[in-house]
Asks: 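Attaching a single structure in structure tokens format; questions to follow.
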There are 2 protein chains.
Amino acid sequence: MSEHTDAGRRPRTPRNTLSADLILDTALRLLDERGLDAFSMRALAEELGVGTMALYTYFRSKEELFCAARDRVFGSYAPPPLTAAPWHRQLREACLGLYQLFTGRPSVLQLLAEQHRAERPPEQGPAVGAVTTMEHMLSLMRGAGIGRQQAARAQTTLIQYTVGAALRAGRTPCGDAEQRRRFQARLESLSAEDFPLIVDLAPELAAAQESTAQYAFGLDLILAGLRTAGSWEAAGRDDGAPPAQSD
Amino acid sequence: MSEHTDAGRRPRTPRNTLSADLILDTALRLLDERGLDAFSMRALAEELGVGTMALYTYFRSKEELFCAARDRVFGSYAPPPLTAAPWHRQLREACLGLYQLFTGRPSVLQLLAEQHRAERPPEQGPAVGAVTTMEHMLSLMRGAGIGRQQAARAQTTLIQYTVGAALRAGRTPCGDAEQRRRFQARLESLSAEDFPLIVDLAPELAAAQESTAQYAFGLDLILAGLRTAGSWEAAGRDDGAPPAQSD
DNA sequence: ACCTGAACACCGTTCAAGT
DNA sequence: ACCTGAACACCGTTCAAGT
């Protein structure tokens with residue numbers, strides 16, 4: 001050994017090489033590679049070759065570090081540029097872009113899930129970098145003549161659905177056929193007397209677990225609903241779907 | 001003291017009073033009262049007045065206990081009975097019932113979120129008790145003449161949206177007006193030049209955070225889309241929403 | 001079978017101290 | 001300001017032992 005007294009392997013990062021950016025990038029890489037459950041402040045510090053407490057010079061807590069990491073990824077995303085295509089087409093592309101951002105980076109998805117279930121900690125609201133996409137979606141809907149309240153509610157619905165679908169898709173990396181087959185087998189093992197339709201539709205239900213096509217299907221339902229919704233405003237309500245107002 | 005040598009307060013549950021049911025009920029109560037973050041096997045054991053390891057006689061791990069607790073709640077739920085109302089009305093009621101089940105019991109919501117983000121652990125699939133509701137929804141759609149694949153995909157969309165919306169709603173107990181006002185303030189503090197629509201629609205966007213009305217709005221969009229979807233099958237596709245098939 | 005207590009290998013974070 | 005090591009108050013779970 002050319003080095004003396006190094007028990008493990010830690011004399012890296014001499015003294016001033018640490019930075020918030022380096023910490024965040026390493027954290028995101030660790031999250032992508034090993035998953036949220038394997039992540040810890042101690043493991044991150046070891047990966048960086050510093051003492052655990054060095055991290056607390058840059059972030060007050062693990063929670064704060066996670067928020068910053070999430071914002072870092074969102075900030076690097078931009079919605080597709082405006083084109084001459086019809087508004088619902090462009091809205092579709094924007095949502096698909098968001099969905100791919102989520103499903104393409106497992107780490108972000110896990111951070112979203114984590115913050116989904118925790119109480120709002122500080123003053124953090126929606127992901128900072130997401131506002132550009134929000135503005136883009138709103139401009140498409142307002143430009144199409146959709147009313148103020150409808151546009152706001154539709155925007156919230158689309159975001160909610162996209163995040164929800166991405167979270168669900170997170171479990172199976174891409175199109176895990178093996179897992180779908182087991183799912184189908186479980187459905188088919190149910191009592192055909194009590195659940196005739198589930199048993200009958202087991203192949204279709206299993207196929208619907210595939211993520212991107214399924215997401216696009218639901219997205220298209222929402223967009224189709226939104227397009228017909230325009231007529232309600234002028235034409236007196238259909239029985240199906242007046243936007244409720246009560247609190 | 002009539003008792004001798006009791007340091008804390010633990011001589012309860014003499015010897016054979018423990019059971020899986022008692023453990024699950026206590027766990028759900030603890031989850032509802034103190035939240036998932038405050039829950040631990042040690043805390044649950046203390047609440048029951050037994051040693052921590054007593055729990056491991058009934059459940060192999062915390063994960064297994066959580067699955068059982070989730071199934072216990074789902075099992076106690078039944079969808080509204082079939083009526084003469086139009087199918088989309090009944091489908092709406094079924095979804096609203098599910099949504100209220102989720103948002104009404106914070107504990108279940110937290111368990112769902114937890115299992116949402118973890119890798120599928122054993123052979124557990126969809127919540128066991130939920131199959132009755134699934135069957136109910138499928139029968140409504142198939143009865144309305146919706147095709148096999150469309151019904152399967154629509155069913156998945158509705159469940160996905162309902163869970164996603166409930167998860168989001170979980171943060172604010174019911175209609176926390178104070179929180180919405182702060183959300184609105186944050187939106188209004190954005191640059192009016194870069195994000196004119198967000199700033200302009202801040203009141204509407206904040207109002208859309210209210211949970212039940214917002215959920216119903218998105219649900220109605222999906223149902224409206226589903227009703228128009230029927231025409232595509234017979235009539236050659238519109239440009240908006242062919243159910244994708246590729247893998 | 002049902003339950004216990006000590007122990008193991010972890011956490012996030014505080015705190016006093018070093019440079 | 002930037003970083004460290006020891007310590008505190010926790011985890012879930014294993015294991016050998018008791019009834």
Side-chain angles (χ1 to χ4, degrees), chain A residues 3 5-24 26-27 30-31 34-69 110-111 114-115 117-119 121-122, chain B residues 3 5-24 26-27 30-31 34-69 110-111 114-115 117-119 121-122:
Chain A
E3 216 85 6
T5 62
D6 55 316
R9 166 218 313 167
R10 179 85 76 74
R12 269 197 288 169
T13 48
R15 184 77 189 178
N16 263 8
T17 46
L18 213 52
S19 72
D21 280 347
L22 179 62
I23 291 174
L24 290 180
T26 310
L30 236 50
L31 247 10
R34 315 219 270 254
L36 181 62
D37 287 330
F39 180 92
S40 73
M41 297 297 268
R42 288 167 136 103
L44 174 56
E46 174 146 354
E47 186 74 13
L48 285 161
V50 298
T52 306
M53 296 318 296
L55 305 174
Y56 286 83
T57 308
Y58 299 89
F59 302 97
R60 264 194 292 272
S61 68
K62 188 184 169 188
E63 189 81 38
E64 192 175 299
L65 190 151
F66 277 178
C67 281
Q110 289 172 312
L111 291 181
E114 185 70 8
Q115 280 150 332
R117 84 159 188 59
E119 319 290 316
Chain B
E3 216 84 9
T5 63
D6 54 317
R9 166 218 312 168
R10 178 85 75 75
R12 268 195 290 168
T13 48
R15 183 76 189 178
N16 262 8
T17 46
L18 214 53
S19 73
D21 280 347
L22 179 62
I23 291 174
L24 290 180
T26 310
L30 237 50
L31 247 10
R34 313 218 271 252
L36 180 62
D37 288 329
F39 180 92
S40 74
M41 297 298 267
R42 289 169 135 102
L44 174 57
E46 174 145 354
E47 186 74 12
L48 285 161
V50 298
T52 306
M53 296 318 297
L55 305 175
Y56 287 81
T57 308
Y58 298 89
F59 302 97
R60 264 194 292 274
S61 67
K62 188 184 167 188
E63 190 82 37
E64 192 176 299
L65 190 151
F66 277 178
C67 282
Q110 289 172 313
L111 291 181
E114 186 69 10
Q115 280 150 331
R117 82 162 190 57
E119 319 290 317

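Below, chain A is the first sequence line, B the second, and so on; all start at residue 1.
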Asks: Is there a side chain to side chain contact (heavy atoms under 4.5 Å, CB included) between Leu18(A) and Thr57(A) once you walk through the steps?
Replies: CA-CA 10 Å; Leu18(A) 213 52; Thr57(A) 308; over 6 Å; no
Asks: May I have the distance from Leu44(B) (atom CG) to dT13(D) (atom C1'), rounded to whole angstrom?
Replies: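 Rounded to the whole Å, the gap is 15 Å.
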Asks: What heavy-atom pair brings Leu36(A) and Gln110(A) nearest, and what distance separates the two atoms?
Replies: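 Shortest heavy-atom separation between Leu36(A) and Gln110(A) comes out as N-NE2, 3.3 Å.
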Asks: Anything below 3.5 Å on both distances counts as a pair; with that, list the stems of at least three consecutive Watson-Crick or G-U pairs involving DNA chain D.
Replies: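 Correct response: C:4-8 with D:12-16, C:12-16 with D:4-8.
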Asks: Once you round it to whole Å, what is the distance between P of dC10(C) and NZ of Lys62(B)?
Replies: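 In whole Å, dC10(C) P lies 17 Å from Lys62(B) NZ.
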Asks: For Met41(A), report the nucleic acid contact type (base, sugar-phosphate, nothing); a contact means any heavy atom under 4.0 Å.
Replies: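 Met41(A): backbone/sugar contact only, no base atoms under 4.0 Å.
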Asks: Grab the CZ-C1' distance between Phe39(B) and dG12(D) for me, whole Å please.
Replies: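 These atoms are roughly 11 Å apart.
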Asks: Give every residue pair that meets the ring pair (Phe, Tyr, Trp, His ring centres under 6.0 Å) criterion with at least one member in residues 34-67 of chain B, sequence neighbours excluded.
Replies: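 Of all non-adjacent pairs touching residues 34-67 of chain B, those that pass ring pair (Phe, Tyr, Trp, His ring centres under 6.0 Å) are Phe39(B)-Phe66(B).
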Asks: What are the two closest non-hydrogen atoms of Ala43(B) and Ala38(B), and how far apart are they?
Replies: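 Where Ala43(B) meets Ala38(B) most closely, the heavy atoms are CB-O, 4.5 Å.
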Asks: Is any side-chain heavy atom of Leu44(B) closer than 4.5 Å to a side-chain heavy atom of Leu65(B)?
Replies: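 A side-chain contact under 4.5 Å exists here.
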Asks: Take atom CZ of Phe66(B) and atom P of dT13(D), then tell me their distance rounded to the nearest Å.
Replies: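 For the pair Phe66(B) CZ and dT13(D) P, the rounded distance is 10 Å.
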Asks: Expressed in angstrom and rounded to an integer, what is the separation of Met53(B) atom CE from dA16(D) atom P?
Replies: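 Whole-Å distance recorded here is 13 Å.
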Asks: Start at the 5' end of DNA chain D and walk down; is the nucleotide closest to Tyr56(B) or to Ala54(A) reached first?
Replies: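 Checking each residue's closest nucleotide, the 5'-ward one belongs to Ala54(A).
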Asks: Glu64(B) has an atom CD; how far is it from atom P of dG12(D), in whole Å?
Replies: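 For the pair Glu64(B) CD and dG12(D) P, the rounded distance is 15 Å.
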Asks: Round to the nearest Å and state the distance from Arg34(B) atom CZ to dC11(D) atom C1'.
Replies: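 Going from Arg34(B) (CZ) to dC11(D) (C1'), I get 16 Å.
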Asks: So, taking the atom named CG in Leu55(B) and the one named CD in Glu64(B), what distance separates them when rounded to the nearest 0.5 Å?
Replies: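 Rounded to the nearest 0.5 Å, the CG-CD separation comes out at 12.0 Å.
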Asks: Please state how far atom CG in Leu55(B) lies from atom C1' in dT14(D), giving the value in whole angstrom units.
Replies: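 So the CG-C1' distance, Leu55(B) to dT14(D), works out to 15 Å.
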Asks: Indicate the atoms forming the closest heavy-atom contact of Ala69(A) with Leu24(A), along with that distance.
Replies: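 Distance-wise, the nearest heavy atoms are N-CD2, 3.8 Å.
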Asks: What nucleic acid atoms does Ser40(B) come within less than 4.0 Å of, heavy atoms only: base, sugar-phosphate, or nothing?
Replies: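 Since only primed, P, OP1 and OP2 atoms lie under 4.0 Å of Ser40(B), the category is sugar-phosphate.
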Asks: Considering only dT13(C), dG12(D), dC2(C), which nucleotide approaches the side chain of Arg42(B) most closely?
Replies: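 Among the listed nucleotides, the one closest to the side chain of Arg42(B) is dG12(D).
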Asks: Hey, which of these two, Ala43(A) or Arg60(A), hits DNA chain C nearer its 5' end, going by closest nucleotide?
Replies: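 That would be Ala43(A).
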